[in-house]
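Contents: one structure, followed by commentary.
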Amino acid sequence: MGLKKLLASLGAGGATVETVLTEENVLPGGIVQGEVRIEGGSVPQKIQGLSVGLRTRVEVEGNDGEYHQDVEFFRQQLGGAFEVQAGAVHTVPFGLEIPWETPVTTFMGQYLTGMSIGVSTELQIAHAVDSGDLDPVNVHPLPAQQAILDAFGNLGFMFKSADLERGHVRGTRQQLPFYQEIEFHAPPQYRGLNQVELTFVADGREMDVVLEMDKKSGLFTEGSDTYRSFVVDLASFGQTDWTALLNQWLSEVGGQRNWF
C-alpha cells in the first residue's frame, strides 16, 4: 500500500500535490519506487522543477550544547519544466537511489528509536520552492550488517539506543556529513565493559565497521573508551563466524587492558 502525503496547495486555485511510495522498505544501495501526483487546480500552472530527496535529523554538538538539525543528504531531479492544466492529473514516477551509507532504521522488525529518514518532495513554481513533509522509509540492514548485528545478539548484547551525529569518523570511507551509532548494553560475561557503540560505513564493495568500547568506571578508576575498526567485504562476509570473531576481539581488548 502506498503512503500518501498532501504536500502543497500552490496558491489560490492552484494545484495540489501528493507523493506515493509503492514500497517503504529498502536496503542501503537500493531504490525507493514511487510517484508524484500533481492535480491541477482552477487555472493552468507551470512547474519549473520537481525533485525528490532524502532527509533525516542529526545531533550536532555546538558551543552551547547539543541540538538537532534537519539534514538533506541526497536529492534527485525529476525531469524539466512542465505545465499542469486546470483539473488535469500529472503523474511523475521515480526511482530514488538510497546511498550505501544510509543509516539503518529497522532491525529484526524493531524500529530503532531516534531514527527518522524519509523522502521529501520539492516543487519550484514562480521562483519559489515548496517543500512537503517526509514520507518515511524503513531502511533495513545489508546482509553483512545483519550478520554483525546478529553476532552481538548471539553474545548477549542488548540494544540500547541509536542516534545520528554530525561529523566524520576518522579513517573511514565516509562521504555523508553524519554517521550512525548503534549502542548495546554489554552482557555480564564482559564484566568490565559498560556498552559498545557500533558504526557502519559502507560503499558498494566494502564496509568499515567501527566499535567504541566503553569501560565501566570503578571505585578508584574512571571509565574509558577504546576503538577498534575493521573492513568487511560485502561479497564474502558469509565466510566469517562473526560471533566467534567479535568475542575474540572483545576478549583481547579486555584482556590487554585488564577489564575482565
Side-chain angles (χ1 to χ4, degrees), residues 25-28 56 58-59 66 100-117 138-165 167 169-172 174 178-202 206-260:
N25 297 290
V26 69
L27 299 180
T56 190
V58 306
E59 185 178 287
E66 297 178 349
W100 287 96
E101 291 181 46
T102 300
V104 173
T105 65
T106 301
F107 172 50
M108 295 186 67
Q110 178 183 1
Y111 170 73
L112 300 184
T113 304
M115 297 299 97
S116 174
I117 295 178
N138 303 316
V139 184
H140 297 263
L142 292 166
Q145 295 171 335
Q146 184 72 58
I148 294 171
L149 290 167
D150 287 343
F152 273 97
N154 293 338
L155 292 172
F157 285 84
M158 300 293 292
F159 172 75
K160 177 185 177 183
S161 63
D163 62 7
L164 301 181
E165 297 191 14
V169 181
R170 186 175 56 188
T172 68
Q174 182 183 343
F178 59 85
Y179 58 92
Q180 181 179 38
E181 287 187 338
I182 302 174
E183 299 183 18
F184 295 94
H185 290 294
Q189 65 263 33
Y190 303 106
R191 61 184 182 277
L193 188 61
N194 184 30
Q195 64 183 32
V196 174
E197 296 177 351
L198 171 65
T199 295
F200 297 122
V201 185
E206 295 178 327
M207 176 175 66
D208 298 313
V209 180
V210 181
L211 303 179
E212 181 179 356
M213 290 160 274
D214 181 15
K215 173 186 176 295
K216 289 181 179 177
S217 58
L219 182 60
F220 302 107
T221 60
E222 295 183 355
S224 61
D225 294 337
T226 297
Y227 293 85
R228 189 73 180 255
S229 65
F230 54 93
V231 177
V232 177
D233 186 286
L234 296 184
S236 61
F237 75 91
Q239 300 173 16
T240 300
D241 183 340
W242 291 105
T243 301
L245 194 55
L246 183 60
N247 180 62
Q248 177 186 333
W249 284 330
L250 292 171
S251 298
E252 286 177 356
V253 171
Q256 291 168 0
R257 290 160 175 78
N258 295 318
W259 290 3
F260 37 86

What's the shortest heavy-atom distance between Phe200 and Gln145, and which atoms?
CB-NE2, 3.5 Å

Just one of Phe152, Phe184, Phe157, Trp249 clears the ring pair (Phe, Tyr, Trp, His ring centres under 6.0 Å) bar with Tyr190, so which one?
Phe157

Please name the pair of heavy atoms, one in Thr172 and one in Val169, separated by the smallest distance, quoted to 0.1 Å.
OG1-O, 2.8 Å

Look at the side chain of Glu212 and the backbone N and O of Glu197, then say whether any donor-acceptor pair between them is shorter than 3.5 Å.
no

Can you name the residues that form a side chain to side chain donor-acceptor pair (under 3.5 Å) with Asp241, not counting sequence neighbours?
none

Calculate, to the nearest 0.5 Å, the distance between atoms NE2 and CG belonging to His185 and Asp214 respectively.
11.5 Å

Could you measure the distance from the CZ atom of Phe178 to the CD atom of Glu101? Nearest 0.5 Å is fine.
8.0 Å

Check the pair Asn154, Asn247 against side chain to side chain contact (heavy atoms under 4.5 Å, CB included), reporting the backbone distance first and the verdict last.
CA-CA 10 Å; Asn154 293 338; Asn247 180 62; over 6 Å; no

For Gln239, what residues pass the side-chain contact (heavy atoms from CB on, under 4.5 Å) criterion, not counting sequence neighbours?
Ser236

For the pair Phe107 and Asp150, evaluate side chain to side chain contact (heavy atoms under 4.5 Å, CB included) and give the outcome as yes or no after the intermediate values.
CA-CA 10 Å; Phe107 172 50; Asp150 287 343; 4.1 Å; yes

Carefully, step by step, assess Thr199 and Val209 under the rule side chain to side chain contact (heavy atoms under 4.5 Å, CB included).
CA-CA 6 Å; Thr199 295; Val209 180; over 6 Å; no

Which residues satisfy the side-chain contact (heavy atoms from CB on, under 4.5 Å) test with Asn138, sequence neighbours excluded?
Glu24, Asn25, Thr105, Thr106, His140

Drop me the distance from Ile117's CD1 to Leu164's CG, to the nearest 0.5 angstrom.
6.0 Å

Minimum heavy-atom distance Pro141-Gln146, with the two atoms named
CG-OE1, 3.7 Å

What's the shortest heavy-atom distance between Gly156 and Pro187, and which atoms?
O-CB, 3.6 Å

Check whether any side-chain heavy atom of Val139 sits under 4.5 Å from a side-chain heavy atom of Leu27, and report yes or no.
no

Rounded to the nearest 0.5 Å, what's the gap from CD on Gln248 to OG1 on Thr243? Could you check?
12.5 Å

Does a side-chain heavy-atom distance below 4.5 Å link Thr56 with Pro103?
no

Contact summary for Ser229 and Val210, nearest pair of heavy atoms
CB-CG2, 4.1 Å

Sequence neighbours left out, what passes side chain to side chain donor-acceptor pair (under 3.5 Å) with Thr240? Give chain and number order.
none

By side chain to side chain donor-acceptor pair (under 3.5 Å) - contacts of Asp208 (at least two apart):
Arg173

Would you check, one step at a time, whether the test side chain to side chain contact (heavy atoms under 4.5 Å, CB included) holds for Phe237 with Ile148?
CA-CA 10 Å; Phe237 75 91; Ile148 294 171; over 6 Å; no

Non-hydrogen atoms of Gln110 and Phe159 that approach each other most closely
NE2-CD2, 3.8 Å

When you measure from the side chain of Glu66 to the backbone N and O of Glu59, does any donor-acceptor pair fall under 3.5 Å?
no

So, the side chain of Trp100 versus the backbone of Met207: is there a donor-acceptor pair under 3.5 Å, distance only?
no

Sorted by first residue and then second, give each salt bridge (Lys or Arg N to Asp or Glu O under 4.0 Å) pair with at least one member in residues 181-190; sequence neighbours left out.
Lys160-Glu183

